[in-house]
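To start, the structure under review is shown below, and the notes come after it.
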Amino acid sequence: MSMPERIGTIREAINEALREEMRRDERIFLMGEDIGLAGGVFKVTAGLQEEFGPERVRDTPIAEAGIVGLAVGAAMTGARPIVEIMFNDFTTLASDQIVNQAAKLRYMTAGQCKVPMVIRTGMGAGRRAAAQHSQSLHAWFCHIPGLKVVLPSTPADAKGLLKSAIRDDNPVMVLEDKMMYGQEGPIPEGDYTVPLGQAKIHRKGTDATVICTSSMLYPSLEAAERLAEEGVDVTVIDPRTISPLDEEALVNSAVETGRVLVVDEGYESFGVTAEIAARVQEKAFYYLDAPVRRLGAADVPVPFAPSLEDLTIPSADQIAGIIREMME
Amino acid sequence: MSMPERIGTIREAINEALREEMRRDERIFLMGEDIGLAGGVFKVTAGLQEEFGPERVRDTPIAEAGIVGLAVGAAMTGARPIVEIMFNDFTTLASDQIVNQAAKLRYMTAGQCKVPMVIRTGMGAGRRAAAQHSQSLHAWFCHIPGLKVVLPSTPADAKGLLKSAIRDDNPVMVLEDKMMYGQEGPIPEGDYTVPLGQAKIHRKGTDATVICTSSMLYPSLEAAERLAEEGVDVTVIDPRTISPLDEEALVNSAVETGRVLVVDEGYESFGVTAEIAARVQEKAFYYLDAPVRRLGAADVPVPFAPSLEDLTIPSADQIAGIIREMME
Amino acid sequence: MATNTQESSRQVDRRSLPLDLLLDMYRRMVTIRRFEETVYDVYSRGIMPGLAHLYTGMEAVAVGVCMTLRKQDNITSTHRGHGHLLAKGGDPRRMFAELLGKATGYNRGKGGSMHIVDMSLGILGANGIVGGGLGIATGAALSAKLMNEDRISVAFFGDGALNEGLFYEAANMASLWKLPVVYVMENNHYGEYTTTAKSTAGTGPARAEAMAIPATTVDGNDVLAVYEAVTRATGRARAGEGPSFVECVTYRWRGHHMGDQGDTYGYRTQEEIESWKKKCPILRLRTYLIGEGLTGEDTLRQIDSEAQQRIDEAVEYAKTSPYPDPSEVFEHVYA
Amino acid sequence: MATNTQESSRQVDRRSLPLDLLLDMYRRMVTIRRFEETVYDVYSRGIMPGLAHLYTGMEAVAVGVCMTLRKQDNITSTHRGHGHLLAKGGDPRRMFAELLGKATGYNRGKGGSMHIVDMSLGILGANGIVGGGLGIATGAALSAKLMNEDRISVAFFGDGALNEGLFYEAANMASLWKLPVVYVMENNHYGEYTTTAKSTAGTGPARAEAMAIPATTVDGNDVLAVYEAVTRATGRARAGEGPSFVECVTYRWRGHHMGDQGDTYGYRTQEEIESWKKKCPILRLRTYLIGEGLTGEDTLRQIDSEAQQRIDEAVEYAKTSPYPDPSEVFEHVYA
Ligand SMILES: Cc1ncc(C[n+]2csc(CCOP(=O)(O)OP(=O)(O)O)c2C)c(N)n1
Ligand SMILES: Cc1ncc(C[n+]2csc(CCOP(=O)(O)OP(=O)(O)O)c2C)c(N)n1
Ligand SMILES: [Mg+2]
Ligand SMILES: [Mg+2]
């Protein structure tokens, strides 16, 4: 890709994608709590109300179910709403509207309507925000047919995937790791899109594959570096879109290396790592040298104390440790 | 077990468990929509308001989040509420109260309080009730640390598991397949309990294992019968409690037979079959003769038309077909 | 949908309503009645799958409301949706086909009774979630305002739905943002088997007024009273003055759904049902039309039999239609 | 918690309040103020992890309410919970230890600022979900009624929380079932950076009254006015007459949370903040006590310095306490 790039943060990348898309398409509007005047609690929407006005960058009351409900109705009638739900934990308040309305309307009506909307929300632990402000509940959304689920891990992907999500005619959940808003990297300028449903190989190795999502990319890359020093050559691959999943890319890598570890920041049990592991073992069974391993967040509500919280989040140490076990 | 038994339906078994437990413990009360005067839309609570009065068998307004919210507060302060949420689909309206409050309070407070409550809800397709009245969202609850998740498949289990759930000091989700309320079988009389977290082997074979939940027991047993005629000897095992999972029993069976199919009525992707498959392949990897296979409900919102709906629910045909494939 | 003439004035004098409008009201009410009673028959004969919540007895609400609307205006309906759809112009053939799970149904059999949509008529859907349409209707009003489109929304919902939190979240935004939406509460005295008195503290109109939304209560069995009140409400919406709330007091003659017909479950008496049957909204309009000398028995009987014929044709159409192809099960999950 | 004496009479004449009660109010308000301002300092020095939402300026609400309560009465609090906990008798040492994530904290460091619970004092928890405690408080009132226990509930919540649907679902049941609960709305004019005028159509009291819940608005910076109004409300609750709603109008001096202190984000002016500082609730009680000749400067200064000392000790206690053992991460998931 020969697009001009600049270095910027994920926060900036998202802001840029929103701005460019809103300029491109008048039907797009944003709604959420404190996204306008205050620019969002994570400052992701800063400056947008100034450019697009309070109608299109709309501060709402604190009413998550209502916000999503209005977005569904607006999307059905030709608008293209982008909703911000501040913390992923709060999407539980809008579950009915997401699951029973947004996700199902197209199918239930046999295609008579579409619901082109995006819900952006902040996932991830690490901010010492405790159990009600730290969850990564993307497995929930992935389980629901009719939703697409996107987890960017780099500024470029944050921009490119969000643009694709906005242009998609389905409800798309975009989960942004709150610890990564300041993550820097190249951001392609202009109309840069990343298609939904395409994994990205960040590092190519021959001995093992780490499939990792969102912020788990970074400890995975770090573990891969360390293992490289030990002579273990690791592929690191990020599905980027979790639903629909780029199964082919993941299985191909499993076939190549024969060893797979899946890393994700949702609770480990009944989470995203389970689905990926189950698919990989099924499709690559005869090529595997070891069982597919998984590493998710600890199966506990996220504790506040930093000394405890850090233990719940998958680390480079753990990742490297598991790969070493698998190499035995 | 030498307890006297009688033949009855799952509906009766649940009713009996509720009645006996309410007689035993005055702190127990029921709340839900139309559970009292009308005895519940599935008649599961019939007669209970007559015996225990409208205070302890409490008809509520239509307000799922409020109902669960009140139950959490009542449970924290010494009562033992049992909530009925009519259809599993409607638990989405109470997700915040279930996930962020009920499930997390004990952990967040380091054990200062407990939340002994049961939420009973009807899951499952097959009633031609369409996409908003047919879901099986137990994978969601299983994903949340702090919740226990129980899916009975026989009248005896329905009674015994519900009693254990009621006596448990944690929030327990009990999902009852709506198609099974009329399912008959022996019901042990009196104080019969089934411990949470114990799988049950319904049929023991040597060639393959079918791990199945809730109503999937019946097509699984039927498939096993058919396969037996073909000389394929199948174990059928029901975890009964999905969280916590009786991993040992499942893995042991996998080790014995070397072939495992997991069947569950939740959406297949990112559902319960994934977790079980992922654990089994990891723990029994070196004993497996084939990849662990999965069969869930089709990844589509449940359609209304009977001719389509039936295609979404795992069938004995499909189960037998997959086992045959695995035997090749 | 030819009743656009009232848009300028919000005060309706029933004596000034044109006869063709009145006859259209009558026709729609009878069509709904015949549709629902035919569903009752067909269902009772065991050839209809799933659930069906009948609107019999409540016809004046849907018709009184929808006659104030234009084609491009949006409605959201409920689990008890047949009346709303027919009043807004829905095609009984495609409705009946949907109820039988046929490929010619509105939703190709995928939705059934609780999910019928007709985007060309602004019908954003019946809904299986009590109160589930309240956000959608309000959102449709928001998009109209944002995109400067000349349409308004009506959300139908029941007395039971009033207690779901979503109403307050959505209506508060509608009030704050002066969205063109009318909340029509169908108070039929019960949510399933629970009386309003046992489910609702205070009243719907008071709750709306507390969010600065003008509210009124009307006799929901008097189609002209409904029409009058809603004309004021839609007038406000069209003029950019924001949401309104109209409570229509009515009664359902049949059980909560087809499964409990005939069974009073101890929640209401046969006498109560009979007393409301005496207040039949169709009979009432009929009596008015004849009593005022606006039309004759013959005309009305003619309408009656045309309606019956239309429904009979719909049933025939539905019965002879094919089921969807098995392959359709995987279609339409995504756009 | 010795203020049970008011239970029989619901009318409070501030001139008849015993001096020790008044001094206790003063002590608690000062304790809250010192606690919060110390949090401000400690946080600003970067030694406190996570979020902290300060109650500075709002002390009269928590204290006016909690002084009407007994030990066994329950409260639910909010993300801005320190004031409620201290007013209900919470231990500043265990609170501060919790804020620093220490094993000696109320929640052994697992909860932090937004999740402190003290079951022995009936404190059912701060809450990180806006409005999240409204169901819990109502449920505690339900269990009291069901189990015939002599206790009532108070739910604190903000003007922003008023727009979450849960309030209507819970309060409706409280009203229908005459549950012993008092809803205390802390109207500090903002939810984060959004003014009440932009978030709320109508008012809290009107919304409560629409559910047949008696409601009143008081000056939330006048601890005696709060005490008077809430005494009437708790009296109703104790007498089995059902829920009440009290709106307390007040203001937070600090930013929404520690992260945005000093920054007005354009949502309010420095002048506005200054004008409210002039209405300081502590100063107001102080002036009353001295003006009425009920006590002297010395007594109050003594209280001030004792409060400061108590908080300093709490900080010291917290700082020198150990972190929880890593093994605790897997404890307490289940009972
Ligand atoms: C969220 C939700 N809760 C419960 C139900 C079950 N249910 C279906 S209809 C109904 C009663 C609705 O009462 P009301 O709103 O008054 O409408 P009516 O049936 O009287 O027309 C209930 C409880 C549901 N469909 N959705
Ligand atoms: C369900 C939910 N939505 C949003 C938030 C983010 N949030 C935290 S505090 C707050 C403002 C609350 O305002 P108010 O209820 O007036 O309380 P105040 O902060 O003014 O004391 C918001 C939006 C949250 N914690 N929970
Ligand atoms: Mg009703
Ligand atoms: Mg506030």
Side-chain angles (χ1 to χ4, degrees), chain B residues 26-29 31 53-56 58-81 83 93-94 96-97 99-117 144-148 168-172 196 243-244, chain D residues 74 76 98 103 105-112 114-120 122-129 131-147 149 151 153 155 164-174 176-177 179 181 324 328 331-335:
Chain B
E26 289 235 310
R27 297 166 303 172
I28 297 171
F29 71 99
M31 63 196 298
E55 291 283 313
R56 286 184 71 197
R58 187 169 284 265
D59 282 318
T60 66
I62 310 172
E64 289 74 13
I67 295 167
V68 175
L70 263 67
V72 174
M76 286 178 81
T77 51
R80 302 185 75 91
V83 164
L93 289 144
D96 163 57
Q97 290 294 317
V99 167
N100 290 326
Q101 313 295 343
K104 294 188 174 34
L105 271 156
R106 184 164 183 84
Y107 188 88
M108 292 192 302
T109 66
Q112 284 180 88
C113 66
K114 59 184 186 190
V115 188
M117 61 186 273
I144 304 299
L147 299 178
K148 296 188 179 180
D168 199 282
D169 275 343
N170 298 286
V172 183
L196 303 188
S243 177
Chain D
N74 292 121
T76 59
E98 188 60 32
Y106 262 114
N107 303 17
R108 302 192 62 75
K110 281 181 157 169
M114 288 191 289
H115 304 295
I116 297 178
V117 160
D118 184 338
M119 297 303 287
S120 73
I123 300 169
L124 302 182
N127 213 306
I129 300 297
L134 287 160
I136 295 174
T138 311
L142 173 59
S143 82
K145 192 170 187 215
L146 275 173
M147 304 196 300
E149 291 179 354
R151 56 182 166 80
S153 294
E164 289 279 12
L166 182 62
F167 171 65
Y168 306 90
E169 300 194 6
N172 180 47
M173 288 187 258
L176 285 168
W177 301 339
L179 301 183
V181 53
E328 294 202 28
E331 275 171 28
H332 303 125
V333 181
Y334 293 96

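Convention: sequence-line order gives letters A, B, ...; per-chain numbering from 1.
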Practice task
Only counting residues at least two apart or in another chain, list the ones meeting salt bridge (Lys or Arg N to Asp or Glu O under 4.0 Å) with D/Lys145.
Solution key: none
Exercise for the section: Heavy-atom distances under 4.5 Å only: say whether B/Gln97 touches chain D with side chain, backbone, both or neither. Expected result: side chain
Practice task
Mind checking the CD-OH spacing from D/Glu328 to B/Tyr107? Nearest 0.5 Å is all I need.
Solution key: 8.5 Å
Exercise for the section: Enter the distance from B/Ile62:CD1 to D/Glu169:CD here, rounded to the nearest 0.5 Å. Expected result: 10.5 Å
Exercise for the section: Give the minimum heavy-atom separation between B/Ile144 and D/Tyr334, together with the two atoms involved. Expected result: O-OH, 4.4 Å
Fill in the blank from the handout: Closest non-hydrogen atoms of B/Ala79 and D/Ser143, given as atom of the first, atom of the second and distance, are CB-CB, 3.9 Å
Exercise for the section: Please determine, among B/Ala63, B/Gly69, B/Ala110, B/Pro244, the option with the most heavy-atom pairs under 4.5 Å with chain D. Expected result: B/Ala110
Practice task
Under 4.5 Å heavy-atom distance to chain D, tell me which part of B/Glu64 shows up: side chain, backbone, both or neither.
Solution key: backbone
Problem - Side-chain touch D/Asn127/B/Gln101, heavy atoms, less than 4.5 angstrom - result: yes
Practice task
Identify which part of B/Asp169 has an atom lying under 4.5 Å from any heavy atom of chain D, answering side chain, backbone, both or neither.
Solution key: both
Problem - Among D/Thr76, D/Asn74, D/Leu124, side-chain contact (heavy atoms from CB on, under 4.5 Å) partner for B/Met76 - result: D/Leu124
Exercise for the section: Please report the shortest heavy-atom distance between D/Trp177 and B/Asp59, naming the atom on each side. Expected result: CZ2-O, 3.5 Å
Practice task
State whether a side-chain donor-acceptor pair under 3.5 Å links B/Gln112 with D/Asp118.
Solution key: no
Completion exercise
Note: vs chain D, highest number of non-hydrogen pairs under 4.5 angstrom among B/Ile67, B/Leu147, B/Asp168, B/Val72 is B/Leu147
Practice task
Could you check if a side-chain atom of B/Pro61 sits within less than 4.5 angstrom of a side-chain atom of D/Met173, using non-hydrogen atoms only?
Solution key: yes
Exercise for the section: Enter the distance from B/Cys113:SG to D/Ile123:CD1 here, rounded to the nearest 0.5 Å. Expected result: 12.5 Å
Handout entry: Interface residue of largest heavy-atom contact number with chain B, from D/Gly132, D/Gly109, D/Ala170, D/Gly111, under 4.5 Å
Key = D/Gly132
Handout entry: Separation of B/Leu93 CG from D/Leu166 CG (nearest 0.5 Å)
Key = 11.5 Å
Practice task
Could you tell me which of D/Glu149, D/Arg108, D/Arg151 has the largest number of non-hydrogen atom pairs under 4.5 Å with chain B?
Solution key: D/Arg151
Handout entry: Which atoms of B/Lys104 approach chain D - backbone, side chain, both or neither, heavy atom under 4.5 Å
Key = neither
Handout entry: Point-to-point distance, once rounded to the nearest 0.5 Å, from CD1 of D/Ile129 to CG of B/Asn100
Key = 4.0 Å
Problem - Contact check, side chains of D/Leu142 and B/Arg58, non-hydrogen atoms, under 4.5 Å - result: yes
Exercise for the section: Check whether D/Leu134 gets within reach of chain B through its side chain, its backbone, both or neither, counting any heavy atom under 4.5 Å. Expected result: neither
Exercise for the section: Using a cut-off of under 4.5 Å on heavy-atom pairs, state which of D/Met147, D/Glu98, D/Lys110, D/His115 scores highest against chain B. Expected result: D/Lys110
Problem - Point-to-point distance, once rounded to the nearest 0.5 Å, from CE of D/Met119 to OG1 of B/Thr109 - result: 8.0 Å
